[in-house]
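Lettering of chains follows the sequences in order, A, B, ..., and the numbering in each one begins at 1. Hydrogens, waters and symmetry mates are skipped; everything else that's a heavy atom, side chains included, is used.
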Amino acid sequence: MHDHVYNPKEIEPRWRKFWESAGLYQSDAVSDKEKEYILVEFPYPSGAGLHVGHVWGYTMGDVIARRARMNGKNVLYPMGWDAFGLPTENYAIKTGIHPAIATAQNIETFKDQMERLGFSFDWTKEINTTDPSYYKWTQWIFLKLFEKGLAYKQEMPINWCPSCKTGLANEEVTSENTHERCGNVVERRMILQWLLKITEYADRLIDDLSTVDYTNDIVSQQVNWIGRSEGSYIKFTVSTDNDKYIEVFTTRADTLPGVTFVVLSPEHPLVADITTKENQEEVEKYCESAFLKSELERSQLQKEKTGVFTGGYVINPLNGEKVPVWVADYVLFHYGTGAVMGVPAHDERDMAFATLYDLPVVEVPDVGEDASKHIIGLLSVNGMAREGVEYKLRDWIFSRQHYWGEPIPIINCKKCGLVPVPEDQLPVTLPNITDFEPTIDGRSPLAKVTDWVNVTCPACGGPAERETDTMPNWAGSSWYFLRYVDPHNTDEFASQKKLDYMTPVDLYIGGAEHTTLHVLYSRFWHKVLFDLGYVSTAEPYSKRRNRGLILAPDGNKMSKSLGNVINPNDEVDAVGADTLRMYELFMGPYNETFPWNPSAEKGIYRFIERVYALTYIIVEKNSNITSLEIDQKIHKTIEKVSADLDSMKFNTAIAALMECVNVIERNPRDISISNWGSFIKLLAPFAPFAAEEMWSVLCGKLEPYESIHAQSWPELDRNKLIEDTITIPIQVNGKLRDTINVSSGDITEETVVGLAKASTKIMGWIGGSQITKTVYVPGKMVNFVIQQEG
RNA sequence: GCCGGGGUGGCGGAAUUGGUAGACGCGUUGGACUUAAAAUCCAAUGAGUGAUGAGCUCGUGGGGGUUCGAUUCCCCCCCUCGGCACCA
């Protein structure tokens, strides 16, 4: 005999087992049914376990997925592991435990946590980026990029983390010039690196944003990150050598008459040519010290500009004036042409520089777009100017000098150069090693595995070496959403048929920190695959929403060192998964930041308890009639919850469920079991365990039992929404003075205004004054405008 | 500095094609139950004022404006969060 007390500890494990054996959440790879692909970012399975922030995003996806299933859709809601990465490798260095072992353990923990939370993931589609059967295809895609000329090697100054002994992408360096993962200060170094030509896709990555549904903040962040700016390239001929010129990029060609100097970045190839003998020593010294500073150091010292005069001059192509050429590190080599025309009168930075070195300031009277066009028109005739576009976005540094990543499937042959590993030899698997330390010169530990490194060249058959760099952890996540569609395919990364059916992703939920990294990178890869004909849409995600942040109760970020971390497992133990899920959704809008509030969590628990108790009362009363009031409330709730789920307003959807319960609780005998069933269905996506338990109570535990999560979403009867009386506010001069109740069948202006005028309160306010205007908004309100005295 | 969000009770928040501000939850206060406490249930809960009644006045960061009517629209300003930042 049940004691009818809500006991999540008892019911949750029971239903978990039931769902598992029923295979409720499996999706069909191809089906006649309409598909819905809900994607949440797969986690990096760290040793710390699942974070309440993960739980929030996964719950959002879960609610939407469950609701879509109840709407009869074939729903893919998959989960996997983004398991390559540095922390696991560092852990291996410290403990000697192989990354594969640690990863497997962490995955087990994460998976168990996810199952305890009742997420309806289709585990038959589980993927793991470190599984050779997965990274085979990551490598395969890399080879496609290589064949297409989008992957190349280049010696270049890079951000170098001396602690991790690895090169970093700009995205991995914080604004404090530290490595985002380990916190150490980043240096600068020349190293041969793999790069991916994401810049080639810059325009499309901006322009195609208009074809997808991303929120405004995501769109503008991506657009800013890519940083397209349209301008002109203008040539300044070297005064002592007519064949040589310095080309500058400017968005303000109209200020060309105001140029009083030209500045080269210290790395500019023309620096040596233009520098005079007298200035050579000083210029060389300056350039050398500039190189040693990292880029971020350079930009951080922005207030104090420095520079040095080369002794050389160039000719302003517009007016023939001779202008001095300087070298200064406020000019960035990688942006534009690495050279800038100095117009102190119209640019703050140029002004600061001119003031410092006492350079002349010339104001240009006639500025504006028309002036620009005119000047470019004049100069382009002699080939001295052209229009063009620049981007802040730079090519993606794609190699890491580490073990725990996908080996780059390239063979270095002295004779043939860079030779791709033949497709039938993929995957290039990681050798099993025990020494995870990088080499002293900063190469991957793979470089020490000579058996693995030394191979014969696939092209010439001569001795050659494998590439020892591995891919960054962004590689596996750049295409994982495609693999979920067909995760066990050994012939292709996914079959065309399955891709055509299930992609693109209908909704992608994830963290805001991935807007300019993962989301941009994966859009890029997807477009490359699209160009090659492997996928049929230009964009991978139809809709992207960034979830907000959960802070610790003290308002700080949760961190081990502060000891303020909320562990989802503790919450599940204390209040159950349903309460945890609903609490997080009830905090507020899905994309905002909230500190953890344990007392608010209590409110949700109480709510579930009340619904639970009500279920037993309703079953006992066993009514087959529902009162008009409650029937109406049920349908209003169906309408509200459905609409709110469509727009991800989880917090107000839950509020609507609470309101509904508040009404029913007043008269639990006035609702039929089947109508209460409708309510439980509305609750099911939010609190899947409790709803299932209550459903089983309503159904009298029929055998074979059909899960609530396999039921259809309650149907809305709009006729039930019509109320027989409406309360209409009556205003006098825009201020509320009375309300009247009017039969909804009779809301003509004549009747309503007549009733309003008859109100004694309103009569009192109007008194003897003249009504100058009567405003009637049908069914909404009445306003009398009267002459005001004095 | 630039780009994008925000600013509403003691707290989290709700409500915008302009139309009863404060839904829902937390907290608080009073009451019931209990030997007592917890839990639960009932009631009250924006501020001021009024006899603890009807009611009235004020009230959505500040100041102006449009309107019969503004949390909502327009202009100016302040604060705050997130992103970018010597990008020519």
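Salt bridge A:E601/A:R606: absent, no basic N to carboxylate O contact under 4.0 Å. Here A:E723 pairs with A:K636 in a salt bridge; the nearest charged N to carboxylate O distance falls below 4.0 Å. A:K640 and A:E659 are not joined by a salt bridge, as no carboxylate oxygen comes within less than 4.0 angstrom of a charged side-chain nitrogen.
Counting to the nearest Å, the P atom of B:U20 and the CG atom of A:N733 are 17 Å from each other. In this structure, CD1 of A:I226 is placed 14 Å from P of B:A85, rounded to the nearest angstrom. The CG-P distance, from A:N662 to B:G25, rounds to 5 Å in whole Å. Residue A:D217 contributes atom CG, which lies 7 Å from atom C1' of B:G5 at whole-angstrom precision. The nearest whole Å value for the distance from the CG atom in A:N216 to the P atom in B:G82 is 19 Å. The CH2-C1' distance, from A:W326 to B:A88, rounds to 18 Å in whole Å. Between the C1' atom of B:C84 and the CG atom of A:L393 lies a distance of 13 Å, rounded to the nearest Å. Distance A:Y6 OH to B:A39 P: 18 Å, rounded to the nearest Å.
Residues satisfying the side-chain hydrogen bond (donor to acceptor under 3.5 Å, both in side chains) criterion with A:D213, sequence neighbours excluded, are A:R545. Partners of A:D207 according to the salt bridge (Lys or Arg N to Asp or Glu O under 4.0 Å) rule, which considers only residues two or more places apart in sequence or in another chain, are A:R228.
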Taking distance alone, no hydrogens or angles, what donor-acceptor pairs closer than 3.5 Å link side-chain atoms of residues 770-779 of chain A to residues at least two apart or in another chain?
from, atom 1, to, atom 2, distance (Å)
A:T772, OG1, A:V785, O, 3.1
A:Y776, OH, A:I747, O, 2.7
A:Y776, OH, A:G779, N, 3.1

Anything under 3.5 Å between a donor and an acceptor, one on a side chain of residues 582-590 of chain A, the other on a protein residue two or more places apart or in another chain? List them.
from, atom 1, to, atom 2, distance (Å)
A:Y583, OH, A:N597, N, 2.8
A:E584, OE1, A:W56, N, 2.9

Verdict with reasoning, A:E609 to A:I604, per side chain to side chain contact (heavy atoms under 4.5 Å, CB included): CA-CA 9 Å; A:E609 273 187 318; A:I604 296 289; over 6 Å; no

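Using a 4.5 Å cut-off on side-chain heavy atoms (C-beta onward), A:T652 and A:F650 make no contact.
If A:G227 and A:V785 are placed on RNA chain B by their nearest nucleotide, the residue sitting closer to the 5' end is A:V785.
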Structure string for RNA chain B in dot-bracket form, Watson-Crick and G-U at under 3.5 Å, | interchain: (((((((..(((......[....)))((((((.......))))))((((.....))))..(((((..]....))))))))))))....

Nucleic acid footprint by protein, nucleotides 11-19 of chain B - heavy-atom cut-off 4.0 Å, B for base, S for sugar-phosphate alone: -BSSS---B

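Between the side chain of A:K392 and the base of B:C84, no donor-acceptor pair of N or O atoms lies under 3.5 Å.
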